[in-house]
Amino acid sequence: MSDKTAGIAVAVLTAAGSGTRLGARCPKALVEVGGESLLHRAARGLLASGVIDHITITAPGPEVDRFTAEVVDLAGEGAVAVVAGSPDSRQASVALGLDAALKARPEAEVVLVHDAARALTPPDLIRRIVAAVRAGHDAVVPGLPVVDTVKEVTDEGERVERVVGTPDRARLRAIQTPQGFARATLEAAHRLGALRAADEAQAARDDAALVEAMGGRVVVVAGDPLALKVTTPLDLALAEVLARREGIRS
């Protein structure tokens, strides 16, 4: 568990995705990688970091009992709880999870928001995110340098797009989770951005965007290639190889 002198840390683990793009016949978080569901693997990784005192999982509404059973072996001493997410947006689900997590541990000072789809995230990355928040940064995200050339485009119709710009990739980062926040910062960001949560098209793509929208400062620390997001069948195939490979870092 975390150093109590440094403040309690809790995590909201978002797991309400349907798995449509993955072609799954079950909620995405229950898809197995290396013989273990994404949900269980992600929650286990958070606890293995040694810096997370409580996890609240946001599940599809009808699946709360099923998700609870999936992580029952990790739930000792109130370490893990499952609540229903929102059908409206990821942002709305995180807001529900945040409320539940802070009710479970009202003394929490650090909050992480993590995607179950990034189930291979090394515990060391989780520790570094928490450490950066405890060092005084209100919002911390892990990121990797962008290796592809990126083009900004506009729709030209007839299945073609016109290039309107080429950003300098040296200044771009591909952002991962977990994202870490000072509790007061994340609460304020969700409160100020609450009206956006009812519509997925208007909702924030990640929690750091909510902090940015209210004028907050977000910093980036080095991410990890293992924190890849499992979204497509190709992602799943890669994650399967990585999960079965000996020597995955802890």
Side-chain angles (χ1 to χ4, degrees), residues 12 14-24 27-29 31 33 38 42 58 60 85-95 113-121 125 129 139-181 186 189-190 192-242:
V12 177
T14 63
S18 65
T20 301
R21 284 179 290 176
L22 194 58
K28 182 166 73 170
V31 171
V33 171
L38 293 171
T58 60
S86 170
D88 294 333
S89 67
R90 178 188 183 278
Q91 180 185 332
S93 288
V94 172
V113 181
H114 192 29
D115 290 338
R118 298 186 186 273
L120 299 183
T121 300
L125 176 56
I129 296 295
V140 182
V141 299
L144 294 175
V146 174
V147 297
D148 294 320
T149 296
V150 177
K151 300 288 186 182
E152 183 181 356
V153 300
T154 185
D155 185 11
E156 288 287 292
E158 297 183 1
R159 300 183 181 178
V160 299
E161 298 168 322
R162 180 170 63 89
V163 172
V164 296
T166 305
D168 178 6
R169 70 183 183 191
R171 299 182 61 191
L172 300 178
R173 297 293 180 268
I175 299 304
Q176 304 174 315
T177 70
Q179 298 184 355
F181 305 90
L186 188 59
H190 271 275
L192 292 173
L195 292 179
R196 301 170 57 182
D199 180 1
E200 186 67 71
Q202 300 297 322
R205 296 306 179 195
D206 66 1
D207 296 272
L210 291 174
V211 175
E212 295 167 42
M214 72 174 191
R217 181 173 181 264
V218 180
V219 301
V220 179
V221 300
D224 193 295
L226 285 175
L228 76 162
K229 186 176 183 180
V230 176
T231 301
T232 67
L234 181 59
D235 299 330
L236 183 61
L238 175 58
E240 185 73 30
V241 171
L242 293 171

Pairs involving residues 194-218, ordered by first then second residue, that meet salt bridge (charged side-chain N to carboxylate O under 4.0 Å, His left out) (sequence neighbours left out): R90-D207, E200-R205
Nearest atoms (heavy-atom pairs only) where V160 meets D155: O-OD1, 3.6 Å
Nearest non-hydrogen partners of L125 and G223, listed with the distance: CD1-CA, 4.3 Å
For the student: nearest non-hydrogen atoms of A197 and A203, plus distance: CA-CB, 4.4 Å
For the student: nearest non-hydrogen atoms of V141 and I129, plus distance: C-CD1, 4.3 Å
R173 side chain to A170 backbone, donor-acceptor under 3.5 Å: yes
Validation row: V113, L186 side chains within 4.5 angstrom (heavy atoms): yes
Euclidean distance, Q176 CD relative to H114 NE2, rounded to 0.5 Å: 9.5 Å
Test item: T58 side-chain N/O and V94 main-chain N/O as donor-acceptor pair under 3.5 Å: no
Backbone N/O of A204 and side chain of Q91: donor-acceptor pair under 3.5 Å: yes
Nearest non-hydrogen partners of A116 and A29, listed with the distance: CB-CB, 4.3 Å
Heavy-atom side-chain contact between V31 and L236 under 4.5 Å: yes
Closest approach of A208 to F181 (non-hydrogen atoms, all atoms of both residues): N-CZ, 3.7 Å
L38 backbone acceptor or donor facing K28 side chain under 3.5 Å: no
Separation of D168 CG from T149 OG1 (nearest 0.5 Å): 10.0 Å
pair D224-T121: side-chain heavy atoms closer than 4.5 Å: no
Separation of T232 OG1 from L238 CG (nearest 0.5 Å): 9.5 Å
Euclidean distance, L242 CG relative to L228 CG, rounded to 0.5 Å: 6.5 Å
Any donor-acceptor N/O pair, S93 side chain to S86 backbone, under 3.5 Å: yes
Approximate separation, where rounding is to 0.5 Å, of I175 CD1 and K229 NZ: 13.0 Å
Between CG on residue L192 and CG on residue L210, distance to nearest 0.5 Å: 9.0 Å
